[in-house]
Amino acid sequence: AKDTQRREAAQRETAQRAASREAMGRFKVAGILLRDGRREAFLTGEHATVIVRPGETVAERYRVDEITLDTVRLTDVTTNVSSLLPIAGN
């Protein structure tokens with residue numbers, strides 16, 4: 001019974017992680033710019049485009065961890081799953 005519970009818990013966690021990655025994949029990086037020495041990214045979601053900076057939260061759930069010249073790293077704060085989003089077209 002304990003093995004079954006562990007297996008089911010692992011399957012639930014795997015499904016949650018996959019759902020997190022899928023949800024973050026809905027965001028597209030439309031552009032990246034440097035303003036006042038800090039990188040900012042234009043993230044396009046289902047309903048809007050927002051300008052984000054590292055440390056900010058998008059959609060109350062996704063933390064912007066890093067912005068490079070051509071990617072944005074988001075982390076789902078509810079599952080601690082990260083996803084690297086390339087700039088659109090790359």
Side-chain angles (χ1 to χ4, degrees):
K2 287 193 178 211
D3 284 342
T4 300
Q5 289 174 339
R6 283 190 198 119
R7 197 169 30 255
E8 288 173 351
Q11 288 172 341
R12 278 193 304 276
E13 183 177 333
T14 299
Q16 288 173 339
R17 293 174 75 78
S20 289
R21 283 194 182 89
E22 181 181 334
M24 284 185 278
R26 293 185 185 127
F27 290 103
K28 304 297 179 214
V29 181
I32 295 172
L33 64 91
L34 188 65
R35 187 186 329 203
D36 298 327
R38 296 178 59 198
R39 286 196 182 114
E40 299 178 349
F42 293 89
L43 280 189
T44 302
E46 292 179 5
H47 304 290
T49 298
V50 294
I51 299 173
V52 296
R53 294 163 197 87
E56 294 183 343
T57 302
V58 180
E60 300 177 7
R61 181 174 174 174
Y62 307 105
R63 184 181 62 238
V64 180
D65 287 331
E66 179 184 29
I67 300 173
T68 68
L69 292 175
D70 56 2
T71 62
V72 174
R73 180 178 302 281
L74 294 181
T75 297
D76 183 332
V77 297
T78 64
T79 62
N80 209 35
V81 170
S82 290
S83 185
L84 194 61
L85 306 175
I87 195 166
N90 284 352

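Quantities reported herein were computed from a predicted structural model and do not represent experimental measurements. Heavy-atom basis, side chains included; hydrogens, waters and symmetry copies ignored.
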Take Arg17 and Thr14 through the side chain to side chain contact (heavy atoms under 4.5 Å, CB included) test and state the conclusion after the steps.
CA-CA 5 Å; Arg17 293 174 75 78; Thr14 299; 5.7 Å; no
Non-hydrogen side-chain atoms of [X] and [Y] separated by less than 4.5 Å:
{"X": "Thr75", "Y": "Tyr62", "answer": "no"}
{"X": "Val72", "Y": "Lys28", "answer": "no"}
{"X": "Arg21", "Y": "Ser82", "answer": "no"}

Distance in Å, [X] [atom1] paired with [Y] [atom2], rounded so as to fall on 0.5 Å steps:
{"X": "Arg38", "Y": "Leu33", "atom1": "CZ", "atom2": "CG", "value": "11.5 Å"}
{"X": "Glu8", "Y": "Asp3", "atom1": "CD", "atom2": "CG", "value": "11.0 Å"}
{"X": "Leu85", "Y": "Thr44", "atom1": "CG", "atom2": "OG1", "value": "11.0 Å"}
{"X": "Arg73", "Y": "Thr68", "atom1": "CZ", "atom2": "OG1", "value": "9.0 Å"}
{"X": "Met24", "Y": "Arg61", "atom1": "CE", "atom2": "CZ", "value": "8.0 Å"}

Looking at every heavy atom in both Arg39 and Leu69, which two are closest together, and how far apart are they?
NH2-CD2, 3.4 Å
Atom of Ile87, atom of Gly31 and distance for their closest heavy-atom approach:
CD1-CA, 3.8 Å
Joint cluster assignment, Val64 & Phe42, ILVMFWY side-chain distance < 4.5 Å:
no
Thr78 backbone acceptor or donor facing Asp76 side chain under 3.5 Å:
yes
Tell me which one of Ile32, Leu84, Val29 satisfies side chain to side chain contact (heavy atoms under 4.5 Å, CB included) with Thr71.
Leu84
N-O pairing of Arg63 and Asp65 below 4.0 Å:
yes
